[in-house]
Engineer: 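The structure follows.
A quick note: this is a predicted structure, and the numbers were derived from the prediction, not measured. Note on naming: letters A, B, ... go to the chains in the order of the sequence lines (proteins, then strands), and numbering restarts at 1 for each one.
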There are 2 protein chains.
Amino acid sequence: MTIKELAQELEMSTTTVSRVLTGQEKKYRISEKTAQRVREVADKLDFAPNQIARNLRLQKTNTIGLIIPDISNPFFANLARTVEEELRRRGKMVLLCDTKDDTDLEQESMALLKGRKVDGLLVAPVGKDSKHFMENTSLPVVLIDRYFEDQNIPYVTTDNFFGAYEATSFLIEKGHRNIACIQGLAGTTPNDNRVKGYQEAMKTHGLMDCIKVVGDDYSMENGYANTKELLARPEAPTALFALNNQIAMGCMKALKENEFHIPNDISLIAFDEQPLFELLSPPLTAIKQPMETIGKVAVEILFELLEGKKVNPQMLKPTFIERASVSAIPIKP
Amino acid sequence: MTIKELAQELEMSTTTVSRVLTGQEKKYRISEKTAQRVREVADKLDFAPNQIARNLRLQKTNTIGLIIPDISNPFFANLARTVEEELRRRGKMVLLCDTKDDTDLEQESMALLKGRKVDGLLVAPVGKDSKHFMENTSLPVVLIDRYFEDQNIPYVTTDNFFGAYEATSFLIEKGHRNIACIQGLAGTTPNDNRVKGYQEAMKTHGLMDCIKVVGDDYSMENGYANTKELLARPEAPTALFALNNQIAMGCMKALKENEFHIPNDISLIAFDEQPLFELLSPPLTAIKQPMETIGKVAVEILFELLEGKKVNPQMLKPTFIERASVSAIPIKP
DNA sequence: TTAAATTGCACAATCGTTTGTGCAAAACTA
DNA sequence: TAGTTTTGCACAAACGATTGTGCAATTTAA
């Protein structure tokens, strides 16, 4: 059913029908009687305007593209959830693209979404390459989680430095000295800031020489392989700091295989929280990123961008969740 | 840049340009020389046709709506992942709707997506109410996970009866008699079939009188509360069968609080697998649904529907993953 | 050389809306 | 009553693509 057919049914012009249905009856002086009748009949025939045609005419799709590296990672799944909710609340829908941590796919996704004339883009970039972000200046973009320091694209992220600093300090205060940090993708801002937080905490406590950063990927495999390698060293660390949830899972798998028990044989802290962490034996100490807030703020910023306002990047504080995966060890003299 | 401008640049009609760009040059006898030139210039100015306009003209959006109850549940997140991947491979994009287990939101989502003229719908329905599915007969729909027996809508699902039967039998063979089943939303097909599988296994083994089904929701809270209640009974069960991952998590939380140790004090099996289950102490025995296959098959069926073919519902076999959360107990005489 | 067939492209309608503008009829003013 | 203002609605042109059809120009056939 088109507006034309509806107009025919009503024996009036599409113009009038359209104006009533878009709530512009007063602006164009449609009589209340006519307006009533239009609404009534439209309702009865449950007419809904063709969005495609509207989009074409209005040059606006009320659609936002959401590009994330891996929706099966609870971190991003949670993000997607709040983003979808917020956008829907504001009358927009979301086109989802999963880039599988692949820069090419990310680039392709951006092109596809741009071709579909989305009103804006919410991107948790893979992070290694940023040039395609600069080529698409016409489209409002807000970055989430990972961002680019050398570029002027608004972003929302966790204060990764702070979180890592706090966690590392906690380990040190518990008496740990030999703390290994297993990192994710080097070169991406969250990773690098977490590493910096770790390093800074070590330095502050005079443990400059103990700094040990290994790994190169946000994956379980990376956590697994590097933990294995660390355990094989003559001076195995007394504590591990895994820079994301996947890595932490790899750590746990390796520890389990080698029969290293947490926290007696070794301590573990993970960046990123996950519901099951609480239920592990022992429960896993973690740094929780404020996912809900991140999603909400990202949408807010995007809307400000759409309204042509100036916006500022946002850095949100994470929460340190102390659980039983860290043991106190006597400080060696 | 519109096709009109491009045509002006080339000094020819939009007709010709369009025909070349849509690969119909032979059909309409455009000379190879002209075609070449069009492609060249289009490429140089990197022209991309406005999808909205195409959509309107072609009455087709190359977009599929994906409606799921909760993207933050790993089960659905994994589903979303494979669905997105498959659809992209076939040139479609996905509009995501999270219904938060709310029938009203589900209904609203369907209306929104229909208004946006998606080519088809992939829905993991909340499951309590199905009338809105019947009202939208015009749109190809494939149901995932939950479906409606009294209606003729194609679906893809796990063989829930089989999975539950197998798991329950396993417990019985290990010597368990007092096995409690904590269910999800009664009235939804997956739940009911799982319950039936449990019941059938009990009956087959002469344990008709031991059947104990409690609970009413696919949530952690439900698992938690009912476990607490079960433990408080004079005859606490020796094994729990949690009908999904969330419920299982609730069980574990309650068991932990009451200092019931798995598997010595009580055994636990979960319907649904999750990466972390393997890393628990002890690792959790689970029934794994073939998410990848489910996603792929759902997309396949949807495409057959789009091509106007007849399709059949699909029921896929789950995999039983035996781990250490079940203990053998001596059989009482 | 002329008629017929083929080649190469353009005109204009269409998809379903929204909206600037125009024009009667009704209401008001003097 | 004649002129002015207000009211109520419709015409037709966009938005940017695709496509059935028509019509010259060229090639082929006779």
Engineer: Could you state the atom-to-atom distance from CD of B:Gln8 to C1' of C:dA10 in whole Å?
Structural biologist: 14 Å
Engineer: Does the pair A:Arg37/A:Glu40 count as a salt bridge with the N-to-O cut at 4.0 Å?
Structural biologist: no
Engineer: Distance-only check: which donor-acceptor pairs under 3.5 Å involve side-chain atoms of residues 118-127 of chain B, not counting sequence neighbours?
Structural biologist:
residue  : atom : partner : partner atom : Å
B:Asp119 : OD1  : B:Thr61 : N            : 3.0
B:Asp119 : OD1  : B:Thr61 : OG1          : 3.3
B:Asp119 : OD2  : B:Asn62 : N            : 2.7
B:Asp119 : OD2  : B:Lys92 : NZ           : 3.4

Engineer: Kindly indicate, with the supporting measurements, whether the criterion side chain to side chain donor-acceptor pair (under 3.5 Å) is fulfilled by B:Asp217 and B:Ser219.
Structural biologist: CA-CA 5 Å; B:Asp217 190 23; B:Ser219 70; 3.0 Å; yes
Engineer: Output the rounded distance in Å from CE (B:Met12) to P (C:dC11).
Structural biologist: 13 Å
Engineer: Students often get this wrong, so: under 4.0 angstrom with heavy atoms, is B:Ile52 touching a base, only sugar-phosphate, or nothing?
Structural biologist: nothing
Engineer: Could you go through nucleotides 11-13 of chain D and list every protein N or O atom that sits under 3.5 Å from one of its N or O atoms, giving the distance for each pair?
Structural biologist:
residue : atom : partner : partner atom : Å
D:dC11  : N4   : A:Thr15 : OG1          : 2.8
D:dA12  : N6   : A:Thr15 : OG1          : 3.4

Engineer: From the list D:dT19, C:dT17, C:dT19, which nucleotide is the closest neighbour of the side chain of B:Ser18?
Structural biologist: D:dT19
Engineer: In whole angstroms, how far is the P atom of C:dG16 from the CZ atom of A:Phe47?
Structural biologist: 11 Å
Engineer: Relative to the 5' end of DNA chain C, which residue comes earlier, A:Leu58 or B:Leu58, by the nucleotide with the nearest heavy atom?
Structural biologist: B:Leu58
Engineer: Please report, rounded to the nearest Å, how far the P atom of D:dA17 is from the CG atom of B:Leu21.
Structural biologist: 10 Å
Engineer: For B:Lys100, which residues count as a salt bridge (Lys or Arg N to Asp or Glu O under 4.0 Å) partner, sequence neighbours excluded?
Structural biologist: A:Glu85
Engineer: Name the atoms and distances for all side-chain donor-acceptor pairs under 3.5 Å in residues 298-307 of chain B, with sequence neighbours left out.
Structural biologist:
residue  : atom : partner  : partner atom : Å
B:Glu307 : OE1  : B:Lys309 : NZ           : 3.3

Engineer: A:Gln36 side chain to A:Lys33 main-chain N or O, any donor-acceptor pair under 3.5 Å?
Structural biologist: no
Engineer: Looking at OG1 of A:Thr188 and OH of A:Tyr147, how far apart are the two atoms once the value is rounded to the nearest 0.5 Å?
Structural biologist: 10.0 Å
Engineer: CG of A:Leu56 versus P of C:dC15: gap in Å, rounded?
Structural biologist: 14 Å
Engineer: Figure out the CD1/P separation between A:Ile3 and D:dC15, and round it to whole Å.
Structural biologist: 19 Å
Engineer: Can you tell me which residue pairs pass the side-chain hydrogen bond (donor to acceptor under 3.5 Å, both in side chains) test with a partner in residues 74-84 of chain A, sequence neighbours excluded?
Structural biologist: A:Arg81-B:Asp70, A:Glu84-A:Arg88
Engineer: Would you say B:Gln51 places a side-chain N or O within less than 4.0 Å of OP1 or OP2 belonging to D:dG16?
Structural biologist: no
Engineer: What's touching nucleotides 5-8 of chain C from the protein side, N or O pairs under 3.5 Å?
Structural biologist:
residue : atom : partner : partner atom : Å
C:dG8   : N7   : B:Arg29 : NE           : 3.3
C:dG8   : N7   : B:Arg29 : NH2          : 3.1
C:dG8   : O6   : B:Arg29 : NH2          : 3.1

Engineer: Starting at NZ of A:Lys27 and ending at P of C:dT21, how long is that distance when rounded to a whole Å?
Structural biologist: 12 Å
Engineer: Quickly work out the A:Gln59 CD to D:dA17 C1' distance and round it to whole Å.
Structural biologist: 12 Å
Engineer: Go through B:Glu106 and B:Asp102 one step at a time and tell me if the side chain to side chain contact (heavy atoms under 4.5 Å, CB included) criterion holds.
Structural biologist: CA-CA 6 Å; B:Glu106 181 174 295; B:Asp102 179 338; over 6 Å; no
